[in-house]
Amino acid sequence: MTPILPGATIGILGNGQLGRMTTQAAIRMGYNVACYGPDIAPTPCGQAGAREVQGGYDDLAALAAFAQSVDVMTFEFENVSTAATEVASEHIPVHPDGAVLHTTQDRIREKAALVDAGIPVAGYTVVHQASDLAGAAYPGILKTAQSGYDGKGQRLVHNAAEAADTFTAFGGVPCVLEALVPFLWEGSVVGARNAAGDVALYPLVQNIHTNHILDTTLVPAPLASTELQASAAALAERILDSLDVIGVMCIEMFITDDGIIVNELAPRPHNSGHWTIEGAVTSQFEQHVRAVCGLPLGSTELRAPAAAMANLLGDCWPDPDFVGALADPRVNLHLYGKQTARIGRKMGHLTAVGATVRDASDAVTAARSRLKSTH
Ligand SMILES: Nc1ncnc2c1ncn2[C@@H]1O[C@H](COP(=O)(O)OP(=O)(O)O)[C@@H](O)[C@H]1O
Ligand SMILES: [Mg+2]
């Protein structure tokens with residue numbers, strides 16, 4: 001691929017915090033950015049310097065016009081139709097391509113692709129109608145095939161009758177029923193692959209969720225042996241290669257007594273990679289820009305032995321104490337510029353690097369407690 005050089009315009013579909021941090025990296029590197037999405041300006045992405053274009057993800061004429069105004073297109077919102085990526089790719093390169101999006105936006109297709117690539121996944125049953133639930137093993141987690149995030153569109157079910165009620169409550173849309181994985185902890189690997197097929201991976205990190213939403217990321221995963229780090233990296237590289245990904249991808253994993261089970265894929269920068277802004281030589285956002293523009297990938301080396309990230313949800317509003325949070329000079333604040341805070345909404349995050357994971361995670365969790373202390 002001919003490299004797309006600084007001075008060119010990167011188009012981003014979506015305009016939230018992932019687009020914002022990608023915009024910040026791209027502008028620093030001398031690119032222009034335009035973002036496209038349904039939200040009213042100023043969006044998190046637009047505030048960071050991207051030209052904002054308001055339009056629906058299914059407005060093919062508007063998407064074609066947007067594509068003609070940029071030099072390459074990528075995503076921070078990946079639930080767009082194949083028709084949308086096809087229309088854009090008539091005009092400009094689109095990375096990752098429509099096939100990667102099509103696969104990863106549907107749990108049924110994603111699991112089939114992982115199985116095809118020889119990647120271990122939780123046992124699952126594809127559910128198109130209630131009768132598919134009869135012979136399955138319980139307890140399990142019924143998940144809608146599409147549009148789930150932060151635990152939305154999934155429920156723990158204990159028997160076929162409960163599963164059938166849940167399937168109906170989900171509107172009878174295609175689902176997967178997954179076996180409950182008795183994981184020791186959850187982790188992820190964020191990695192990037194460029195058109196030359198080069199792959200660069202950040203280490204396996206540990207992710208702690210609260211109410212199905214990422215709460216903290218610990219870097220590197222404190223419980224991971226060298227062998228586990230190596231097998232996580234090998235799985236991630238195999239996934240990036242087999243899907244022919246160009247860009248950053250996050251691979252969420254369950255770590256069990258018997259090894260790694262891959263949970264799900266996100267074909268874009270991910271919340272569990274936010275620590276890379278301060279914690280790695282190249283952030284996941286710069287890496288995404290490099291990959292989609294056909295540049296050499298940057299180093300994923302850590303700048304310090306350890307790092308940690310704590311999310312700031314809308315729960316910390318309306319009166320967050322930023323002065324209190326920043327009393328520890330090691331802590332870095334990131335806010336996404338969202339106009340309204342809602343419970344569970346991702347408003348920002350805190351990062352720290354340190355000599356040990358414990359140091360870094362104590363720093364961010366204590367800072368977050370101070371930030372919330374006025375409640
Ligand atoms: N099969 C499973 N076994 C045990 N826990 C699960 C399973 N699937 C999901 N979970 C829990 O629910 C969380 C969210 O599920 P996930 O499939 O990652 O959906 P989301 O798109 O909401 O992130 C996971 O991070 C994990 O904590
Ligand atoms: Mg997940």
Side-chain angles (χ1 to χ4, degrees), residues 14 16-18 75-79 101 103-115 119-127 133 136-159 162-163 166-167 169-170 173-191 204-218 221 223 232 235-236 239 248-274 284 309-311 313 343-346 349:
Q17 67 266 23
L18 302 175
F75 308 88
E76 68 119 51
F77 175 82
E78 71 272 31
N79 284 316
L101 264 59
T103 301
T104 55
Q105 69 194 201
D106 181 290
R107 294 186 194 273
I108 299 171
R109 291 194 286 265
E110 180 173 283
K111 285 192 191 298
L114 289 168
V115 169
I119 305 292
V121 299
Y124 70 99
T125 306
V126 173
V127 183
L133 295 160
Y138 293 95
I141 301 187
L142 189 69
K143 301 182 180 180
T144 59
Q146 297 192 9
S147 330
Y149 70 100
D150 289 346
K152 295 183 175 68
Q154 62 172 271
R155 198 171 300 162
L156 175 65
V157 291
H158 298 88
N159 52 57
E162 199 182 332
T166 305
F167 179 66
F170 286 163
V173 295
C175 288
V176 294
L177 177 66
E178 271 182 40
L180 203 58
V181 176
F183 58 78
L184 303 169
W185 48 277
E186 290 187 80
S188 60
V189 172
V190 171
L204 174 64
V205 301
Q206 182 178 352
N207 296 321
I208 298 161
H209 296 89
T210 305
N211 300 326
H212 299 281
I213 303 173
L214 183 62
D215 182 75
T216 9
T217 296
L218 307 178
L223 298 170
L235 287 177
I239 292 168
V248 162
M249 172 173 270
C250 175
I251 298 120
E252 292 184 19
M253 302 176 177
F254 296 132
I255 314 305
T256 75
D257 271 330
D258 301 325
I260 296 171
I261 288 177
V262 169
N263 173 26
E264 60 168 354
L265 311 177
R268 50 169 170 76
H270 190 261
N271 197 169
S272 67
H274 289 358
Q284 63 167 346
M309 186 283 313
N311 268 340
L313 302 183
I343 300 287
R345 188 174 202 204
K346 292 173 180 170
H349 68 270

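We count ligands from 1, going down the list as the structure has it; atoms in each ligand are counted the same way.
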*Any sub-3.5 Å donor-acceptor pair from E76's side-chain atoms to L18's backbone N or O?*
yes
*Taking atom 26 (C) of ligand 1 as the reference point, the nearest protein heavy atom with its distance*: E186 OE1, 3.2 Å
*Count the heavy atoms of every other residue, nucleotide or ligand shown that sit under 6.0 Å from CG of N211, and state whether that count exceeds 12.*
no
*Give the residue, atom name and distance (to 0.1 Å) of the protein heavy atom nearest atom 23 (O) of ligand 1.*
E264 OE2, 2.8 Å
_Looking only at distances, can you tell me whether any N or O atom of A179, backbone or side chain, sits closer than 3.5 Å to an N or O atom of ligand 1?_
yes
*the Mg ion (ligand 2) to E264: any N/O/S contact under 2.8 Å?*
yes
*Heavy-atom side-chain contact between Q17 and H349 under 4.5 Å*: no
_Side-chain heavy-atom pair L180, I141 within 4.5 angstrom cut-off_ = yes
*Measure across E162 and L156 and return the closest heavy-atom pair with its distance rounded to 0.1 Å.*
OE2-O, 3.5 Å
*Return the residue, atom name and 0.1 Å-rounded distance of the protein heavy atom closest to atom 5 (N) of ligand 1.*
F183 CE2, 3.4 Å
*Under a 4.5 Å cut-off applied to non-hydrogen side-chain atoms, are D215 and N311 in contact?*
no
*Numbered atoms of ligand 1 (with element) below 4.0 Å of G151, judged on heavy atoms*: 20 (P), 22 (O)
_Sub-4.0 Å atoms of ligand 1 with respect to non-hydrogen atoms of L180_ = 3 (N), 4 (C)
_E252 neighbourhood, listing ligand 1 atoms whose heavy-atom distance to it stays under 4.0 Å_ = 18 (O)
_Show the atoms of ligand 1 that are less than 4.0 angstrom away from any heavy atom in H212._
12 (O), 13 (C)
*Nearest to atom 19 (O) of ligand 1 by heavy atom, Q154, K143, K152, H209: which?*
Q154
_Ligand-side contact atoms (ligand 1) for residue partner D150, heavy atom cut-off under 4.0 Å_ = 20 (P), 22 (O)
*For the residue pair T144 and R155, establish whether any side-chain heavy-atom pair is separated by less than 4.5 Å.*
no
*N/O to N/O below 3.5 Å, does that happen between I141 and ligand 1?*
no
*Is there a donor-acceptor pair under 3.5 Å between the side chain of Q284 and the backbone N or O of H270?*
yes
*Which part of R107 is near ligand 1, with near meaning a heavy atom under 4.0 Å away: side chain, backbone, both or neither?*
side chain
*Any side-chain heavy-atom pair of D150 and K346 under 4.5 Å*: yes
*Numbering the atoms of ligand 1 from 1, which are under 4.0 Å from a heavy atom of V181?*
1 (N), 2 (C), 3 (N), 4 (C)
*Using a strict cut-off of 4.0 Å, indicate which atoms of ligand 1 neighbour a heavy atom of G148.*
21 (O)
*Report yes if some heavy atom in the side chain of L133 is under 4.5 Å from a heavy atom in the side chain of C175; otherwise report no.*
no
*asked:* Which atom name does E252 have for its N/O/S atom nearest to the Mg ion (ligand 2)?
replied: OE1
